[in-house]
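Given the structure is predicted, the values throughout are model-derived calculations rather than measurements. Convention: sequence-line order gives letters A, B, ...; per-chain numbering from 1.
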There are 2 protein chains.
Amino acid sequence: MIKILVIDDEESITQFLQMGLEAEQFDVVVANDGMTGVQQAKNIVPDVAIVDIMMPGMDGYEVCHLLKKHIGCQVILLSAKGEVEDRIKGLNALADDYMTKPFSFEELLARIHARLRNVRVQQEEALLTIDEKQKQIRYRGEPLLLTRTEYKLLHYFIEHPQTVLSKEAILNAVWGYDYFGSVNVVEVYMKTLRQKLGDTEHTMLQTVRGFGYKLDVPV
Amino acid sequence: MIKILVIDDEESITQFLQMGLEAEQFDVVVANDGMTGVQQAKNIVPDVAIVDIMMPGMDGYEVCHLLKKHIGCQVILLSAKGEVEDRIKGLNALADDYMTKPFSFEELLARIHARLRNVRVQQEEALLTIDEKQKQIRYRGEPLLLTRTEYKLLHYFIEHPQTVLSKEAILNAVWGYDYFGSVNVVEVYMKTLRQKLGDTEHTMLQTVRGFGYKLDVPV
DNA sequence: AAGAAAGCTGAAGATTTGCTGAAAATTTAG
DNA sequence: CTAAATTTTCAGCAAATCTTCAGCTTTCTT
């Protein structure tokens, strides 16, 4: 599922966007200020972030900069001002796109899809395929016999190929935000996943020491 | 050199853009109708194409579609109309961005740069590139095998090229403000970084005695 | 030219990280 | 309610990484 992070201090907007985007089958997470927005981003690793510029505390430019720097997701800035100089400032702050409020939801959708095209170029022939309906993941066409947790974990990796995911992010995504246990449980499950994938050399599920794990699907 | 293809039937515009973009060190090719534009694209394989929508013969949407499908370059559409529906139509025709005439040259520049960031053209140009997603830094395209601290250190330098960074500043940025140890640890890590970069002559990571270190990336 | 300061270096020791097998706890199924 | 399956915890290990330190070289000052 494609993840979208919305950061705006106006709740009317975040609610509106959450509803609208969820109706479009996106996985939406909302934050009402910059700081928690960046925090959320670290946890969920979104594909696209929609960030309002004018916010109390950390402003949109700064949030954008942090997101591009640490997460590397696509960023669309939102602004009440439509001045040319603001647009330039936004784009130079590493944003990938810039929209002026009020905007049409349709246009936002179109821009999100334009962004996603840039991210998901490599999705040609997948070695690992997810069958949501049957809650199955197939490897080279063969269904893997996974437990519920194993499924969710591998699912998360497949959603973020070629991306280093921290154990904390994994814990949040798979075990939930309110999980108490230690990250060791992730390590244990990585072992079983690698076993079931026959990945004894750790080539598919790579350990990136100090950062986390990465799914590296060979083409 | 980064290649930009401009397709517009109004010669006043193509000339204006050609001059302006060449002044910005881009390699600019111009076409005055869609058909020859696509032909040119096949020849030069541009990084970014700027395409006017309203043109006699093949219109901008169609050109855009062909470019995305066959060339895969980034496309910025230009239009006299600023209607929301037109913008959506443009973005859904696989365009990566959409601008309304009349536009400021500055904004176009900013948008071009935003596009280029996605294509990783910079990576071919830049000696050192950061891949946030994969927590990798590449030197001449080759990934460096860095530990977490080495990565953070080099990351810090790349973000501040041509800038002398004091050991104290480095310690703060990489090790955190609450770090107890001495600055010698920076010196030790500079050594390993220089080793991994093959920088035996200390030309990339220069010592500025009494002040700190400077990343000097030769273009 | 000598001394002082700043920076470099190799190696040792300390710490952290990730992996693992197995046991304990929990959930699920029969 | 039991047995099986699954999930979680734990402790030990090895390897990678980080830190420290003492001696060394280079540069600057007088």
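Here B/Y213 does not reach the OP1 or OP2 of C/dA6: none of its side-chain N or O atoms lies under 4.0 Å away. Taking only side-chain nitrogens and oxygens, A/T207 never comes nearer than 4.0 Å to OP1 or OP2 of C/dT17. The side chain of A/R194 contributes an N or O atom lying less than 4.0 Å from OP1 or OP2 of C/dC19.
Atoms NZ (B/K191) and P (D/dC18) sit 16 Å apart, rounded to a whole Å. D/dA14 atom P lies 17 Å from atom CD of A/E187, rounded to whole Å. Between A/F211 atom CZ and D/dT17 atom P the separation is 11 Å, expressed in whole Å. Following rounding to the nearest Å, A/H202 (NE2) and D/dA14 (P) show an atom-to-atom distance of 17 Å. Protein atom CD of B/Q206 is 14 Å distant from nucleotide atom P of C/dG7, rounded to whole Å. As rounded to whole Å, 17 Å separates atom C1' of D/dC18 from atom CE of B/M190. Atom-to-atom, CG of B/L153 to P of D/dT17 comes out at 15 Å; the value is rounded to the nearest Å. Look at NZ on B/K214: it is 15 Å from P on C/dG7, rounded to the nearest Å.
A/K214 and B/Q134 are linked by a side-chain donor-acceptor pair at a separation below 3.5 angstrom, with hydrogens and angles left out of the test. A donor-acceptor pair shorter than 3.5 Å can be found between the side chains of A/K3 and A/H160.
For the atom pair CG (A/L154) and CE (A/M190), the distance works out to 9.0 Å, reported to the nearest 0.5 Å. The distance from atom CG of A/N43 to atom CD of A/E168, rounded to the nearest 0.5 Å, is 9.0 Å. Remark: A/L144 CG to A/Y139 OH distance equals 9.0 Å, nearest 0.5 Å. In this structure, B/T203 OG1 and B/D199 CG are separated by 4.0 Å, a value rounded to the nearest 0.5 Å. How far SG of B/C64 is from NZ of B/K89: 12.0 Å, rounded to the nearest 0.5 Å.
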Distances under 3.5 Å between nitrogen or oxygen atoms of protein and nucleotides 7-9 of chain D:
from, atom 1, to, atom 2, distance (Å)
D/dT7, OP1, A/T149, N, 3.1
D/dT7, OP1, A/T149, OG1, 2.6
D/dT7, OP2, A/T147, OG1, 2.5
D/dT7, OP2, A/Y189, OH, 3.0
D/dT7, O5', A/Y189, OH, 2.8
D/dT8, OP2, A/W175, NE1, 2.7
D/dT9, OP2, A/Y179, OH, 3.2

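More than 12 heavy atoms of other residues, nucleotides or ligands sit less than 6.0 Å from atom CD of A/Q136. Enclosure of atom NE2 in A/H65 is not indicated, since only 12 or fewer non-hydrogen atoms of other residues, nucleotides or ligands lie within 6.0 angstrom.
Salt-bridge annotation for B/E187 and B/K191: absent, with no side-chain N of the basic residue lying under 4.0 Å from a carboxylate O of the acidic one. With respect to the salt-bridge test (charged N to carboxylate O, under 4.0 angstrom), the residues A/E107 and A/R111 qualify.
Across all non-hydrogen atoms, the minimal contact from A/W175 to A/D178 is O-OD1, 4.5 Å.
For A/R209, taking side-chain heavy atoms from C-beta onward, the closest of the listed nucleotides C/dT20, C/dT9, C/dT17 is C/dT17.
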**Complete:** Quick tally for nucleotides 23-30 of chain C: nucleotides whose base has a protein heavy atom under 4.0 Å get B, sugar-phosphate-only ones S, the rest -, giving --------
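DNA chain D lies under 4.0 Å from no heavy atom of any residue of residues 164-171 of chain A.
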